[in-house]
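Naming convention: chains lettered A, B, ... in sequence-line order (proteins, then strands); numbering from 1 in each chain.
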Amino acid sequence: MRGAAFGCNRAGGPGCRMMRRTTVPCRASGSSNGAGRPVLLEVKGLEAKIAATGQQILRGVDLTVREGEVHAIMGKNGSGKSTLSKVLVGHPDYEVTAGTATFKGRDLFALEPEERSHDGLFLSFQSPIEIPGVSNVDFLRMACNARRKSKGQAELDPLEFYAHVVPKLEMLKMDPTFLNRNVNEGFSGGEKKRNEILQLAVLESEMSILDEIDSGLDIDALRDVAAAVNGLKRPDTSVLMVTHYKRLLDYIRPEYVHIMEAGRITQTGGMDLVDQLEAGGYATLSTA
Amino acid sequence: MSYGVMQRSRCSAGCRGARPSATTLSRRAPAPLRANAPAVSASAVEDAWIRANVAEPAAPSPVAGLAALRSSCSEALASLRMPTTRNEEYRFTDVAALTSAKLARPTAAAAVDAALLDSLRFPEAGGSAAVLVDGVLRPELSDLASLPRGAYVGGAAGAPAAALERLGHLSNARGGPFAVVNGVLAGDAVVVVLPDGARLARPLHIIHVASGAGAGQGALSASAPRLLVALGRGAEAEVVEEFVSADSGATAVFAVAEVLLGPGASLKHGYVQREAAGSVHLKSTLVDQAEGSSYNLVEARVGGGLSRHDVGVAQCGPDTATRMRHFLLAGAGQLQDLHSKLVLDHPRGEAEQLHKCIVSHASGRGVFDGNVKVNRLAQKTDAGQLSRNLLLVPRATVNVKPNLQIIADDVKCTHGAAISDLSEEELFYFRARGIPAEVARQSLVYSFGAEVVQALRYDRLVARIQADVVAALQVAEASIAGASK
């Protein structure tokens, strides 16, 4: 069971286990003491439009995410939060018109979507699509092996992969029968979100962008998903959450909260910004 | 079993178009089945191609049921004309590939490579495989050791007389012109009879091999396999028909399957067509379902050149269930046509049909005409019909006509059709997970058909259809890459 040993190393290493046990968030909100850590993602002056209609959505986004940091982006509907996530992973619906984005020092926009994934960038989709006829386990293994291949690692055969994936299923409290079902086919909203995080766990991506993973989740599912995201954190990984609601941020505590408005990040702060938002809505922020 | 349903359907077919069509002609009331009726002389046949290629009388069959079938079909042949695209039923299906060819009769008892047959067997059907070569059952190649007592699976000679009497009843009444051709050419029939309450423990795998033997230059070796399944009250069976070619040579196959389901009987019918490129494959499946019976068809056609399936199902009693799933792949030079007619005439019938077609080449075409008729007495019917089509390359074509005719007023019926390329959204989902675009494309296309193909269940069977699909898609990929250079 070579694969089992491999799986344990990654998913259940001492560092991970410690964090997984931590259900109470451990980072102080608003701390900004990580300035010395290496930059993972750096976005400068990013502008983008919808390719089909030419409608401008992003109007100069600046964002720096360092290793080990957790960021959250909040903002009204249509402010460009989801567009930013999709542009970063190379969604074909959008066209970058200005600005730069580097990930681990590489120009993101010079890379194909699959290369960005190989480099360790992950987007959890807001509404993941269903793929009838392709089993979840095959899909996960294809994805896992594509990344391993790009890193020059040996691909996992089905047995090795099974050993790799089972601890991750347990972490997400997912039934192993999930593996034999077709990708997202007939999944409930909560199951789809869990499945996205399972993909993140399998890929072991360094930077995860979570686009509204709290939508459509009941409180138990939210707790499970958040615990899994916390459990996956490593000193060299970062999380960027897009959300409307504070309740997600109570489970996954961000150090930085950004407010997005009309295609730009207009304010950055800590959890205090969220509290202000809960109290008075976006109006109080824009006048602040 | 009541034939009232058939009367009605015959009438509706005849009334549909004003101009006489081949299909209308063939829907005349069947000639009385006289075992020793004189064959119509070839010179009296109207259609020149039929006269030259089909009408020549074959050696008389010693089996009464077959002789009667041939006799009645020979009579129908006299006034039969090969359909053209001016016939509504063949509007999008040009049969010129057949009518411009010369047919040859295969030599008797052609040898078949044992390795081919071994490669086709799957373990679940061990001791339950019938092999037909050019439409004739070959006991020495078949293995029917696992049959239950009281069941009959075998050739026409030796089949229960009651079953043989029904040979041709459905196809004469409701079959199209090529069912008539089958009746004239058929040299044998596989007969499956299960008495009341009997159950086949294993799927019956019927391997139809077209040997291509006897075909000269420019001629197609023609064979006419025929299947009759008669299940008694509450009997259960699964039959998987698989059509293959002995080698890469094109052939012509005129196949007919007649299915008679007694009250509460249940048949799972697999139908796989993997014949050689350029082959002509014309099949009719006719089903009569008594009350409470269930007919479940899973079809996958990926081979041949001109390929058409006419399915006619009549629900002849209440509480009857019909489920049909079809997967068709039309690559270079292939036409995959499905014409289905389902008639519901009794209360609480259920019907579900899913048609999925991929056209992977500019010279490929898919045709679907699916008619579901919910007649006045068929109250509380629950019927759904969906056609989904994937066009992978520019100029690929499908002609789809799902249609419901509802006369009853208390029914739940849905239908729909969708035609698309692969969605960018789906492709992107794969790529965002690091899976390269070409792998994503292949998986998605395969997954499109897998929904149906996986319902055939048996790993080896599913795997070889998958392999055919992958091979066809690689050709498609290469042509896309070539075109973009």
Taking B/V298 as the fixed residue, which of B/H269, B/R325, B/M324 is the one that meets the side chain to side chain contact (heavy atoms under 4.5 Å, CB included) rule? B/R325
Under a 4.5 Å cut-off applied to non-hydrogen side-chain atoms, are A/H71 and A/L63 in contact? yes
Do you know which of B/A432, B/A440, B/G449 has the most heavy-atom pairs with chain A at a distance under 4.5 angstrom? B/A432
Checking B/V453 against chain A: side chain, backbone, both or neither under 4.5 Å from a heavy atom? neither
If you tally heavy-atom pairs under 4.5 Å against chain B, which of A/K149, A/H118, A/H91 wins? A/H91
Check this for me: B/R388, atom CZ, are more than 12 non-hydrogen atoms of other residues, nucleotides or ligands nearer than 6.0 Å? no
Side chain proximity check, B/V372 to B/H415, heavy atoms < 4.5 angstrom: no
A/V137: side-chain contact (heavy atoms from CB on, under 4.5 Å) partners, not counting sequence neighbours: A/S135, A/F161, A/L179
So, the part of B/Q454 with a heavy atom under 4.5 Å from chain A: the answer is side chain
Do the ring planes of B/F122 and B/H205 sit parallel (below 30°), tilted (30 to 60°) or perpendicular (above 60°)? tilted
Residues 106-115 of chain A: residues contacting chain B (heavy atom under 4.5 Å, by number): A/E112, A/P113, A/E114
So what's closer than 4.5 Å to chain B heavy atoms on A/V183: side chain, backbone, both or neither? side chain
Summary of salt bridge (Lys or Arg N to Asp or Glu O under 4.0 Å) pairs that have at least one residue in residues 445-456 of chain B, sequence neighbours excluded: B/K356-B/E451
Taken in chain and number order and not counting sequence neighbours, the residues that satisfy ring pair (Phe, Tyr, Trp, His ring centres under 6.0 Å) with B/F448 are none
Cation over ring, B/K283 on B/F243, under 6.0 Å and within 45°? no
With a 4.5 angstrom heavy-atom cut-off, is it the side chain or the backbone of A/S124 that approaches chain B, or both, or neither? backbone
What part of A/N145 is in contact with chain B, defined as an atom under 4.5 angstrom from a non-hydrogen atom: side chain, backbone, both or neither? neither
Pick from A/M142, A/E185, A/R147 with the largest number of heavy-atom pairs that fall under 4.5 Å of chain B: A/M142
Contact origin within B/L444 toward chain A - heavy atom pairs under 4.5 Å: side chain
Do B/R431 and B/F428 meet the cation-pi criteria used here (NZ or CZ under 6.0 Å from the six-membered ring centre, within 45° of the axis)? no
